[in-house]
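Accompanying notes for the structure given below.
Residue numbering restarts at 1 for every chain, and letters A, B, ... go by the order of the sequence lines.
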Amino acid sequence: MEIEKVYEPQRFEPRWAQWWIDRGFYTANPKNPGRMFSLVIPPPNVTGILHMGHMLEHTEIDVTVRWHRMKGDNTLWLPGTDHAGIATQMVVERKLAEEGLDRRKLGREEFERRIWAWKEESGDSIKRQMIRLGTSCDWSRERFTLDEGLSRAVREVFVRLYEKGLIYRGEYMVNWCPRCQTAISDLEVVHEETNGHLWHIAYPVNGTDERLVVATTRPETMLGDTAVAINPKDARYFGIHGKTVRLPLMDRDIPIILDEMADPLFGSGAVKVTPAHDPNDFEAGRRHNLPLIQVIDGNAKMTAAALAYAGLDRFEARKRVVKALQEGEYLVKIEPHQLSVGKCQRCKTVVEPLVSKQWFVKTKPLAEPAIRVVEDGRIQFVPDNWSKTYFEWMYNIRDWCISRQLWWGHRIPAWHCAMCAKITVAREAPAVCRHCGSAELAQDPDVLDTWFSSGLWPFSTLGWPDQTEDLAKYYPTSLLITGFDILFFWVARMVMLGIECMGEVPFHQVYIHGLVRDADKQKMSKTRGNVIDPLVVTEKYGTDAVRLSLLLGAAPGTDIVLTEERMESARAFANKIWNASRLIFMNMERSGVSPWITAERDCCLPEKDGETAPLEDRWIFSRLNRCAEQVNRAVEQHRYHEAAQTLWHFVWHEFCDWYLEVKKLRLVENSGADVHWRNLLTVYEMALRLLHPVMPFLTEELWQRLATGVVDRAETISLANYPQFNEAAVDAQAEDEMSILQGIVTAARELKSDLKVDKKTILVGTLVLREKAVTVGAAQLAVIEKLGGLKLTLGTQAAGVVRSSPEFDLIVQAPDVVAEGGGDAQKVRLRKENEQLEKVISSSNRQLGDEKFTGRAPAHVIDTLRQKLAEYEAQLRKNKEVLGE
RNA sequence: GGGCUCGUAGCUCAGUUGGUUAGAGCGCUUCCUUGACACGGAAGAGGUCGGAUGUUCGAGUCAUCUCGAGCCCACCA
C-alpha cells in the first residue's frame, strides 16, 4: 500500500482520464438492462476552446450521468459539437484577414475547405479538453451538426416542413447585418439603450400654408419616405385628410394617409412612413399599397435612389441630411431621446432593417403543441420559474427567418430553375426542374440558421430519420442541462421540432444552470479579460478541486461566483481525503491488513465485535447512511451544491475529525487489536463511492489502490454501485451515545482552553455520568481522555472547575490555575450561556402558556418544544449549580 | 411597457413544503510544528435575516407596498 506523501492530482488525473476512454466504460448499449437514462450534450461551438461555463455545465452533467451509471441505469451521454455557422465563419474570416485574404478572393469551395480544417483542429481540442476534465461521455457516438447523417436529417426536416407549408420563402423585412452581409433572426439582434435624438421635421402640406411636423430618430430614412401617417381620429388634422405633402430635399409629393399607427399623444401625432427601412412602416406600406423606396443598401451605404446622398455611409448621410434640413429651415426641433438600437449579436454592428427574399419557418402551429407539453408537465423546467419565460416567448412567437447569406452551414435544399424560375425543394439534388423539366438548376446559395440543425440534435444524433435501435431506446432523452441564454435559440426550437418530427418531446426535464462569474460578480468574457481558463486552473488545483468548487456554488437558480480562493479550499478538501487515505493505507501495511473491498452495495450495519460493534463504527455507519440519503436526493433534484456540501461535511467533520481520530487511538492501544479493519474499510470504500461523481479522479486513484489484487470486483469505481439509503442501517442509539461522547470531549477542550493550560499539562479530573450516558461509560473513557487531553477517573464527585450538562459533570482539579483566576473565563462562558438559555426558556414558557398556541399548533411541535424546554432548564440548573448561584 | 431574479455574519453564499437559542466556506482572534494532513487541529468573536405593513398560535421562509442591484422580452415614431 504505497502512497505518495503529497497530493499531486496532476500525476494521476490525465492517466485515469485516458484509461476511462480507452477501456470504453462509458459506451452505451441499448441492449443493456437497467432503467434508461439518456442525455445529449449541448454541443459546444467549434469556434475555439471551452470556457468555465462549459466546465460548469459539463461537471453538472457528469455528476448526474456518473450517478445514474453507478445506480445501474442504462446510461447514455452523447457528446458532439456544433458548426455554429455565423460565429465560426467570422473566426475563420478574421484569421484570413490576418493573412491579407478574404473569403471572396478564395472562393466558396476553398473557403469551406479552410473552415473544415479549422473545425478539425478546434473540434479535436474541445474533445481533448473534455476528456481531461473527466467527462464520462460516449465518444463512440460523437456527432457534429454537419455530419452526413445529421445533414440528411436537416434536409429531411426542411422538405417535410416545406411540403406541409410550414416553411415558405418570401420578401419581407428582415434584420440585416451590413458587416456580416447576411440576414439574421430577431433573436440574433441585441438591443442596446442609446442616447440619441429626436429630430422634428416639417413637411409642407401641398395646397396650404401648413406644415406637418414629423419626428424621427433616423432622419436619413426620410429620403425614402412614401407617406406621412396621421390618426384618423386626430381632430387637429381633419382639414388635411386626402392631401399630399412635399418631401423636403427630395422634391417628391407623398400622400397623407390615415392609420392607427400614428399615436396622437406622441410628438405632433404625425409619423413619416418609410416602408423600405422600418418594420412598422413596412406593414403600413402593405396596408396602404405604398411604394418601397430603398435608400440604404446591404452595405449600409445610400443607394442611387438617395440622389445627392448616393454612395454615402448611412451615418454620414444622416449628418448631411440634418444639415440640409437645417439650411432649408425644415428642422423645427432637436431633442435628446433615448432609444434602443438593434445590433448584431455577433459583431455589434447596427442592424439595418431591409426588405429581402428569405426563407421562413411558420412558427405558430409548431408553438402550440410546444406550449401544451410544458403546461401538462411532459416537460418540466428546473427551476420551475423558467417555464414562465418559456411561455412568454412562445405565446408571442414570430416567424423564424432561417436563411443566411453565409458559406458555412447546411445549404438550403432548394434548387432554382433558370428556365421557369420556379423552385424545386428536394432531399437530394434533383436532375431536372419539377415544374418544367429543365436541367438548368442551381442550388440556392444560402445556408440555414445554425439553430435549425441544433434544433434536431436530440434525435438527429441518434440516427433519425432511420429507425435505429439507439433512437428507439434513448429518445425521448431524460434530461437536458443547459444555460438560460439559449432557452429560445435552442431549447424552444428543440421542443417544437422534436414534437413535429418525432411526435414526442425531446426531453422530459430541463435543468437550467447559472452563469459563472468572477470575484466581482462580473460575467466572464474575453473582452473583460477576466476569464479563467479551465485547463490552467485544472493543472494548478486539480480537476477534482475545480469541479468541487463549481458544484459547491451551484445552487439552483443562482449564478456561480468562482474565485481561486474557492479552488484552494476545494483542493484542501481533496488533500484532506488524500491524507486520511495515507493514514489508512500506512496502518494497513503496518498492521498487515490486505487490500479488501466490501461486498456491500448499499449502506449497512457494521460487523459486530463480540456482543456489539464498537460505538464509533455503529455511529459512522449510521452517519454514512444519512449522508447517502441526502446525497442521492440532492443529485436527483439537481441540488448539486447540497450534494457537495453534504459529502464535505461527512468526510471531513465526521469521518476524519471523529471517526479516524478514534481509530487512531485504537491503533496504538492494545496493539491495534480493537481497530476492526473491516468496518473501517467498508465505510471508507463506500465514502469513496459516494464521492466519485463529484471527484472522479481522486476516488478512482484511491479506490484502485485499495482494490489492488482484489478479484471479483468492478473494474473501475465508476461502474461500482452507488450506495443507497437503508432504513435498517439507521442507528439512533449510536448517534445519541456518540453525541454525548462528543459533548464530553468538547467540554474537556473548552475547559482546557478557558483555563489556558498548556497542552503538555495533563489535567486530572473526574467524570460523573448520569443514566443516559451509562453505555458510554468505562468503555469509552480512554477515548475521551485522549481526545480531550485529560487524565480522568470515573464517578466520584470532587472539587474543581466544573463543566456540566444533564448527561455528565466534568470536574477538573486544577488548583493552580484556578487560584490565578484561570476559572474566570469559564464563569464568563457560563453566564453568557445562561443569558441565552433564560431568553429561550422564557419565550418557550410564554408560548406553552398561551392557549392559542397549545390549541392550534400540531402536537409534535408542542412536544419538541416541551422536550427542548426541559433540556434548557436542566442545563440552566447545572450551570447555576456550578456557578454557585 | 411586460416578465423574472436577488438583497441573510467583514466577503461569497446556503437555508426543500412557515415551527423555535439562524448555517457553511473564506477572512479574523487565541492556542497547538501530536509520526495522515499547517492544503492541518482545538477553542472563539461576528448576522435578527434591505425597510414597512399584514396573514398566522408561530415568518428569514407567505402576501401587499417600498428602497436598492441585476437580467430577459417588446415593431413607442
[X] side chain: which of [options] is closest?
{"X": "Leu837(A)", "options": "U21(B), C26(B), A36(B)", "answer": "U21(B)"}
{"X": "Lys388(A)", "options": "C4(B), C71(B), A36(B)", "answer": "C4(B)"}
{"X": "Arg749(A)", "options": "A42(B), G19(B), G25(B)", "answer": "A42(B)"}
{"X": "Leu865(A)", "options": "G40(B), U20(B), C75(B)", "answer": "U20(B)"}
{"X": "Arg639(A)", "options": "U16(B), C72(B), A74(B)", "answer": "U16(B)"}
{"X": "Met586(A)", "options": "A43(B), C4(B), A36(B)", "answer": "A36(B)"}

[X] near the nucleic acid: base, sugar-phosphate alone, or nothing, with a heavy-atom cut-off under 4.0 Å?
{"X": "Arg571(A)", "answer": "base"}
{"X": "Pro858(A)", "answer": "base"}
{"X": "Thr558(A)", "answer": "sugar-phosphate"}
{"X": "His337(A)", "answer": "sugar-phosphate"}
{"X": "Ala262(A)", "answer": "base"}
{"X": "Met261(A)", "answer": "base"}

Report the distance from atom [atom1] of [X] to atom [atom2] of [N], rounded to the nearest whole Å.
{"X": "His653(A)", "N": "A43(B)", "atom1": "NE2", "atom2": "C1'", "value": "15 Å"}
{"X": "Arg705(A)", "N": "A36(B)", "atom1": "CZ", "atom2": "P", "value": "18 Å"}
{"X": "Leu660(A)", "N": "A36(B)", "atom1": "CG", "atom2": "P", "value": "11 Å"}
{"X": "Asp657(A)", "N": "C32(B)", "atom1": "CG", "atom2": "C1'", "value": "15 Å"}
{"X": "Phe488(A)", "N": "A74(B)", "atom1": "CZ", "atom2": "C1'", "value": "12 Å"}
{"X": "Met567(A)", "N": "C26(B)", "atom1": "CE", "atom2": "C1'", "value": "14 Å"}
{"X": "His649(A)", "N": "A14(B)", "atom1": "NE2", "atom2": "C1'", "value": "14 Å"}
{"X": "Leu583(A)", "N": "A36(B)", "atom1": "CG", "atom2": "P", "value": "6 Å"}

| query | Measuring from Leu869(A):CG to Leu837(A):CG, what's the distance to the nearest 0.5 Å? | reply | 10.5 Å
| Charged tip of Arg749(A) within 45° of Trp658(A) ring normal and under 6.0 Å |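 So Arg749(A) does make the cation-pi contact.
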| query | Any salt bridge between Glu352(A) and Arg218(A), counting N to O under 4.0 Å? | reply | yes
| query | Any Lys/Arg nitrogen of Lys664(A) or Glu669(A) sitting under 4.0 Å from an Asp/Glu carboxylate oxygen of the other? | reply |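 Judged by the 4.0 Å cut-off on N to carboxylate O distance, Lys664(A) and Glu669(A) do not form a salt bridge.
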| Residue pair Thr274(A) / Lys272(A), side-chain donor-acceptor N/O under 3.5 Å |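 A donor-acceptor contact under 3.5 Å links the two side chains.
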| Take atom CD in Glu193(A); do more than 12 heavy atoms of anything else shown fall under 6.0 Å from it? | yes
| Proximity to RNA chain B (any heavy atom under 4.0 Å), residues of residues 847-854 of chain A only | Gln847(A), Lys852(A), Phe853(A)
Does [X] reach the main-chain N or O of [Y] with its side chain, forming a donor-acceptor pair under 3.5 Å?
{"X": "Glu188(A)", "Y": "Gln345(A)", "answer": "no"}
{"X": "Asp399(A)", "Y": "Thr363(A)", "answer": "yes"}
{"X": "Asp278(A)", "Y": "Asp281(A)", "answer": "yes"}

| Trp393(A) pairs by ring-ring contact (aromatic ring centres under 6.0 Å, His included) with which of Trp386(A), Phe489(A), Trp400(A), Phe488(A)? |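 Result: among Trp386(A), Phe489(A), Trp400(A), Phe488(A), Phe488(A) is the only option passing the ring-ring contact (aromatic ring centres under 6.0 Å, His included) with Trp393(A).
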Is there a donor N/O on one and an acceptor N/O on the other, under 3.5 Å, for the side chain of [X] and the base of [N]?
{"X": "Glu642(A)", "N": "A24(B)", "value": "no"}
{"X": "Lys576(A)", "N": "C39(B)", "value": "no"}
{"X": "Lys664(A)", "N": "A36(B)", "value": "yes"}

| task | In whole angstrom, give me the gap between the C1' atoms of G47(B) and C11(B). | result |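 Roughly 13 Å separates the two C1' atoms.
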| request: Work out which heavy atom in Met222(A) is nearest to a heavy atom in Leu325(A); give both atom names and the distance. | output: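 What the structure gives for the nearest pair is CE-CD2, 4.2 Å.
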Please produce a list of atom pairs where a protein N or O lies less than 3.5 Å from an N or O of nucleotides 44-47 of chain B.
residue : atom : partner   : partner atom : Å
G44(B)  : OP1  : Glu750(A) : OE2          : 3.3
G44(B)  : OP1  : Arg829(A) : NH1          : 2.2
A45(B)  : OP1  : Lys832(A) : NZ           : 2.8

| query | If pairs are Watson-Crick or G-U with both distances under 3.5 Å, what is the dot-bracket string of RNA chain B, marking crossing pairs with [ ] and pairs to another strand with |? | reply | (((((((..((((.....[...)))).(((((.......))))).....(((((..]....))))))))))))....
| message | Using 30° and 60° as the class boundaries, would you call the ring planes of Tyr684(A) and Phe585(A) parallel, tilted or perpendicular? | response | perpendicular
| How about Phe573(A) and Tyr7(A): are their ring centroids closer than 6.0 Å? | no
